[in-house]
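So the structure is just underneath, and the comments pick up after that.
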There are 2 protein chains.
Amino acid sequence: MENRVERIKKQLHEQSYKLTPQREATVQVLLENEEDHLSAEDVYLLVKEKAPEIGLATVYRTLELLNELEVVDKINFGDGVSRYDLRKEGASHSHHHLVCIECGTVDEIQEDLLAEVEKIVEKDYQFKVKDHRLTFHGVCHRCQAKAKKNEESAEAASLHTN
Amino acid sequence: MENRVERIKKQLHEQSYKLTPQREATVQVLLENEEDHLSAEDVYLLVKEKAPEIGLATVYRTLELLNELEVVDKINFGDGVSRYDLRKEGASHSHHHLVCIECGTVDEIQEDLLAEVEKIVEKDYQFKVKDHRLTFHGVCHRCQAKAKKNEESAEAASLHTN
DNA sequence: ATAAAAACGATAACCATTCTCAGTTTAAAA
DNA sequence: TTTTAAACTGAGAATGGTTATCGTTTTTAT
Ligand SMILES: [Mn+2]
Ligand SMILES: [Mn+2]
Ligand SMILES: [Zn+2]
Ligand SMILES: [Zn+2]
């Protein structure tokens, strides 16, 4: 994990940006919450624990910068805030998401899955694909299990009363 | 096209909503700009031509309502505004988009293309898919043609000077 | 050391969207 | 028809995430 920061630092230097303490703390927070999809405010609160003097504007600036460097993806799940999602190292495109309409959880899909579809798009629409965004809306495995359980206990209760 | 409005009206009544003149004018504007991806402000300005007394809040309310009825999809291309996209009649899920990173144009893909991918998602991730959002970012056919043309004329010029 | 460039924190400004509220329209009941 | 309650509306205030501004601090090059 330590070298991950090093490589991001190198990436910054290549474009003559600096890895300031504030930026490093922000990157750390993103690495420590790789699974999550934090808003700028979320990141701000977490970074404050490490670097209490940091300002919200700096967090926004840093996230913007990391987005340009393709270290993070700025994504929008329609809840009124932008969320920042660390890319897998060296990933050439952003991964996919599963948004549960029952509990709101967001799960990730790291597999590509779109290779065939992109071929069709490039051929049939003459569109040179550089990146993509794919989000599925539906019911997550946890909520499905919960629903099934409720169904069963309702059935058992019904047997009792009959 | 006239019956399209009629069917939307029926859909509204089923849920005990009314098709007020303001709502009808808004639906008309959406139908007349089916290819586009209008923001609330865009819709507001266009509706004002038909119904100058309409308020912006009403446009927002109507678009929200049409979104709930799945007549339109509320989408976000990351430019700071929500855009409203009429669904093809009877479509069970939203269509895909091609966003050009050169000229900003948004083209549509009406083909499904995701049937196979969704099967995998349902099986491997135990996720019951209800809808999806798929956007490709890249270079549209127009910009590719333009680039090619520029390349050729540069080559011709270079031959001349050599 | 000195000067120029980058970056920072605080906070004001911006602006898309939502909320509030008093008045109007609609559709069903009387 | 009138009556009445609920749905709906327009104007504009409020909200809240994000960006811009500005004076100060830190970094880098001279
Ligand atoms: Mn993710
Ligand atoms: Mn569309
Ligand atoms: Zn769930
Ligand atoms: Zn283009």
Side-chain angles (χ1 to χ4, degrees), chain A residues 8-29 37-69 71-85, chain B residues 8-29 37-69 71-85:
Chain A
I8 291 172
K9 182 175 182 175
K10 193 172 288 178
Q11 221 178 324
L12 282 162
H13 281 152
E14 275 167 23
Q15 320 231 2
S16 64
Y17 292 118
K18 303 164 198 168
L19 184 64
T20 63
Q22 292 90 340
R23 286 174 182 171
E24 181 159 4
T26 303
V27 169
Q28 281 295 351
V29 163
H37 301 90
L38 304 174
S39 67
E41 185 81 26
D42 294 337
V43 173
Y44 174 60
L45 293 174
L46 288 168
V47 174
K48 274 209 132 176
E49 295 173 8
K50 295 183 178 350
E53 76 291 353
I54 201 171
L56 179 57
T58 300
V59 171
Y60 270 102
R61 285 186 287 237
T62 301
L63 291 171
E64 193 58 40
L65 182 57
L66 292 173
N67 184 50
E68 275 166 29
L69 295 177
V71 171
V72 301
D73 284 312
K74 187 177 183 177
I75 56 185
N76 191 302
F77 292 122
D79 61 346
V81 291
S82 291
R83 297 185 176 276
Y84 298 84
D85 200 7
Chain B
I8 291 172
K9 182 173 183 176
K10 193 172 288 180
Q11 222 178 325
L12 282 163
H13 280 152
E14 276 168 22
Q15 320 231 3
S16 65
Y17 292 118
K18 301 164 194 169
L19 185 64
T20 63
Q22 292 89 340
R23 286 175 182 170
E24 182 159 4
T26 304
V27 169
Q28 281 295 351
V29 163
H37 301 91
L38 304 175
S39 68
E41 186 80 28
D42 294 337
V43 174
Y44 174 58
L45 294 174
L46 289 168
V47 174
K48 274 210 130 176
E49 294 173 8
K50 296 182 179 344
E53 76 291 351
I54 200 170
L56 179 57
T58 299
V59 171
Y60 271 102
R61 284 186 288 238
T62 301
L63 291 171
E64 193 57 39
L65 182 57
L66 293 174
N67 185 48
E68 275 165 30
L69 296 177
V71 171
V72 301
D73 283 311
K74 187 176 181 177
I75 56 185
N76 191 302
F77 291 123
D79 62 346
V81 292
S82 291
R83 298 186 175 276
Y84 299 84
D85 199 6

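What you are looking at is a predicted structure, and each value in this text was computed from that prediction instead of being measured.
Look at CD on A/Glu24: it is 12 Å from P on C/dC8, rounded to the nearest Å. Rounded to whole Å, the distance from CZ on B/Arg61 to C1' on C/dC21 is 11 Å. In this structure, B/Tyr44 atom OH and D/dG10 atom P are separated by 9 Å, rounded to whole Å. Atom CG of A/Leu12 is separated from atom C1' of C/dA7 by 13 Å (rounded to the nearest Å). The OH atom of B/Tyr84 sits 12 Å away from the P atom of C/dA16 (whole-angstrom rounding). A straight line from CG of A/Leu56 to P of D/dT18 spans 9 Å, rounded to a whole angstrom. Spacing between atom CG of B/Asp79 and atom P of D/dT18 amounts to 14 Å, rounded to whole angstrom units. Distance A/Leu66 CG to C/dA7 C1': 14 Å, rounded to the nearest Å.
For the pair A/Thr58 and C/dA7, the criterion of a side-chain N or O lying under 4.0 Å from OP1 or OP2 is not met. OP1 or OP2 of D/dT18 lies within a sub-4.0 Å distance of a side-chain N or O belonging to A/Tyr60. In terms of phosphate contacts, B/Ser82 brings no side-chain nitrogen or oxygen within less than 4.0 Å of OP1 or OP2 of C/dA16.
Residue B/Ala57 is the one, among B/Ala57 and B/His13, whose nearest nucleotide of DNA chain C lies closer to the 5' end (criterion: closest heavy atom).
Among all heavy-atom pairs drawn from A/Ala25 and A/Val47, the shortest one is CB-CG1, 4.0 Å.
For DNA chain C, the neighbouring residues in residues 15-23 of chain A, judged by any heavy atom under 4.0 Å, are A/Tyr17, A/Lys18, A/Thr20, A/Gln22, A/Arg23.
Rounded to the nearest 0.5 Å, atoms OH (A/Tyr44) and OG1 (A/Thr62) are 13.0 Å apart.
When heavy atoms are screened at a 4.0 angstrom cut-off, A/Glu41 is found touching no nucleic acid atom at all.
Residues A/Lys74 and A/Glu64 have side chains in contact (heavy-atom distance under 4.5 Å, counting atoms from C-beta outward). Taking the side chain as every heavy atom from C-beta outward, A/Leu65 and A/Leu12 approach each other to under 4.5 Å.
Remark: B/Phe77 CZ is packed, more than 12 non-hydrogen atoms of other residues, nucleotides or ligands lying under 6.0 Å away.
A side chain to side chain contact (heavy atoms under 4.5 Å, CB included) with B/Arg83 holds for exactly one of B/Leu63, B/Asp42, B/Val43, B/Asn76; it is B/Asp42.
Of the charged side-chain nitrogens involved, none lies within less than 4.0 Å of a carboxylate oxygen, so that B/Lys9 and B/Glu24 do not count as a salt-bridged pair.
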